[in-house]
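Single-structure report; data block below.
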Amino acid sequence: MSFIKHCIFDLDGVIVDTAKFHYLAWKRLAKELGFELKPIQNERLKGVSRVQSLEILLSIGNIKASDAEKSRMADQKNEWYVQYISSMTPKDILPGAKEFILKVRENGIKTSLGSVSKNAALILEKIAITHLFDCIVDGTRITKAKPDPQVFLISCEELAVTPSESVVFEDSIAGIQAALAGGMHSIGIGNAKILSMAERIIPDFTHVDMSILVY
Ligand code: BG6
Ligand code: MG
């Protein structure tokens, strides 16, 4: 039996339901470009960077664009996204998430944020939980987005814990792949069919206790 020393939490879709705002903004861009972005196609956009999400979106719509057009599209998507998240408050934290993070900390386990979003600091501030993390790694600190494990490896290194003593909580396929590639344990949050490669899967943070951290 081994105990986890470090929990790494993704942000979008794990702590807050911002995954729906990312989807709405990409869907709006797709509509402007003349096609529909379906929920199942949107799964491919989760967890990857803004630029990579745009590339995937354009390939879904079979659309070619110059670098300047891509840059304008990414800026437009982000403008809409930032508008959607502007009214977020601590009430928007997903059920049980804050309580679970607090319980983890009470048990002497380190906590990190591992998100490729460049808006992560803004969201953490809005929902007032920045102080609950020993280490915050976001899109402004990485050079490689998920499924590369860099976003998770940085916090392991900074907190001097090994990947095998760490567990990643993720709602995206790319994020679970990143945890597997980095040698961390993985817990999928959400749909068991979509996240089938995760070591463990829970629907959300309600009714979860510390026993989930025993391996
Ligand atoms: C991830 C989301 O957390 O952040 C992706 O799952 C998103 O959907 C990515 O594209 C980048 O976010 P942002 O806020 O920097 O555009
Ligand atoms: Mg996510």
Side-chain angles (χ1 to χ4, degrees), residues 7-30 37-60 70-86 88 92-94 97 100-101 112-127 129 133 136-152 154-155 167-180 182 184 186-191 194-195 197-198 201-205:
C7 288
I8 308 174
F9 297 90
D10 172 47
L11 177 66
D12 295 322
V14 169
I15 296 175
V16 278
D17 197 11
T18 38
K20 74 176 178 220
F21 295 133
H22 279 297
Y23 176 51
L24 281 179
W26 287 125
K27 201 173 148 69
R28 191 164 162 184
L29 182 64
L37 176 68
K38 301 202 174 79
I40 190 70
Q41 295 169 323
N42 182 59
E43 290 302 322
R44 293 173 57 202
L45 274 57
K46 288 186 183 174
V48 302
S49 69
R50 194 181 307 166
V51 173
Q52 283 167 318
S53 295
L54 177 65
E55 292 292 349
I56 297 169
L57 185 87
L58 293 177
S59 75
I60 292 170
K70 285 180 191 172
S71 167
R72 189 200 59 77
M73 289 175 197
D75 287 351
Q76 173 66 84
K77 182 267 170 180
N78 193 54
E79 206 180 299
W80 287 328
Y81 178 69
V82 171
Q83 266 168 26
Y84 294 148
I85 62 173
S86 65
M88 287 184 85
D92 290 299
I93 299 175
L94 283 167
F100 183 75
I101 297 170
S112 291
L113 188 90
S115 167
V116 304
S117 171
K118 292 188 170 143
N119 292 299
L122 171 70
I123 294 171
L124 288 181
E125 198 186 303
K126 287 195 166 293
I127 61 175
I129 59 164
F133 297 97
I136 293 176
V137 184
D138 65 15
T140 64
R141 297 189 61 195
I142 56 157
T143 52
K144 289 174 259 177
K146 302 165 189 173
D148 190 283
Q150 186 193 40
V151 61
F152 302 142
I154 293 175
S155 59
V167 61
V168 170
F169 291 84
E170 258 294 344
D171 71 314
S172 71
I173 298 169
I176 298 290
Q177 286 170 338
L180 293 174
M184 295 105 192
S186 59
I187 300 181
I189 312 281
N191 187 317
I194 291 170
L195 302 173
M197 75 288 265
I201 302 168
I202 52 174
D204 53 45
F205 282 109

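One-based numbering, in listed order, for ligands and for the atoms of each. Fair warning: this is a prediction, and the values are worked out from it, not measured in the lab.
Annotation: atom 7 (C) of ligand 1 to nearest protein heavy atom, Val48 O, 3.4 Å. Nearest protein heavy-atom neighbour of atom 6 (O) of ligand 1: Gly47 N, 2.8 Å. Protein heavy atom at the shortest distance from atom 15 (O) of ligand 1 is Lys118 N, 2.6 Å. Taking atom 16 (O) of ligand 1 as the reference point, the nearest protein heavy-atom neighbour is Arg50 NE, 2.7 Å.
Gly139 does not count as a contact of ligand 1, since none of its heavy atoms falls under 4.0 Å from the ligand. The closest approach between Thr18 and ligand 1 stays at or above 4.0 Å for every heavy atom of the residue. Heavy atoms of Ser53 come nearer than 4.0 angstrom to ligand 1 in at least one pair. Residue contact annotation: Leu11 has no non-hydrogen atom under 4.0 Å from ligand 1.
Looking only at distances, no side-chain donor or acceptor of Glu170 sits under 3.5 Å from a matching main-chain atom of Ser186. Ser172 places a side-chain N or O within donor-acceptor distance of the main-chain N or O of Gly175, the cut-off being under 3.5 Å. At least one donor-acceptor pair under 3.5 Å links the side chain of Gln150 to the backbone N or O of Lys144. Of the possible polar contacts, one joining the Tyr23 side chain to the Leu37 backbone as a donor-acceptor pair under 3.5 Å is found. When atom types are taken as modelled, the side chain of Arg141 and the backbone of Ile136 share a donor-acceptor pair closer than 3.5 angstrom.
Of the heavy atoms in His22, only side-chain atoms (C-beta onward) come closer than 4.0 Å to ligand 1. Contacts between Ser117 and ligand 1 below 4.0 angstrom, taking non-hydrogen atoms only, involve backbone and side chain alike. Residue contacts with ligand 1, taken as heavy atom pairs separated by less than 4.0 Å, involve Asp12 solely via side-chain atoms from C-beta onward.
Between the side chains of Asn119 and Asp12, no donor N or O sits under 3.5 Å from an acceptor N or O.
Under 4.0 Å is where a charged nitrogen must lie from a carboxylate oxygen, and between Lys126 and Asp92 no such pair does.
Remark: ligand 1 atoms within the under-4.0 Å shell around heavy atoms of Lys46 are 6 (O), 8 (O). Ligand-side atoms of ligand 1 in range of Asn119: 13 (P), 14 (O), range being under 4.0 angstrom from any heavy atom. Less than 4.0 angstrom separates some heavy atom of Leu45 from each of these atoms of ligand 1: 5 (C), 8 (O).
Residues Phe169 and Phe9 place their aromatic rings such that the two centres sit under 6.0 Å apart.
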**Request:** Take Phe205 and Ile101, measure what side chain to side chain contact (heavy atoms under 4.5 Å, CB included) needs, and give me the verdict at the end.
**Result:** CA-CA 10 Å; Phe205 282 109; Ile101 297 170; over 6 Å; no
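Between Lys118 and Asn78 the shortest side-chain heavy-atom distance does not fall below 4.5 Å. Side-chain contact between Val14 and Leu94 is absent, with no heavy-atom pair separated by less than 4.5 Å. Using a 4.5 Å cut-off on side-chain heavy atoms (C-beta onward), Asn191 and Leu195 make no contact. Under the 4.5 Å side-chain criterion, counting only non-hydrogen atoms from C-beta, Glu43 is in contact with Lys46.
Listed by chain and number, Asp10 OD2, Asp12 O, Asp171 OD1 are the protein N/O/S atoms closer than 2.8 Å to the Mg ion (ligand 2), with waters left out.
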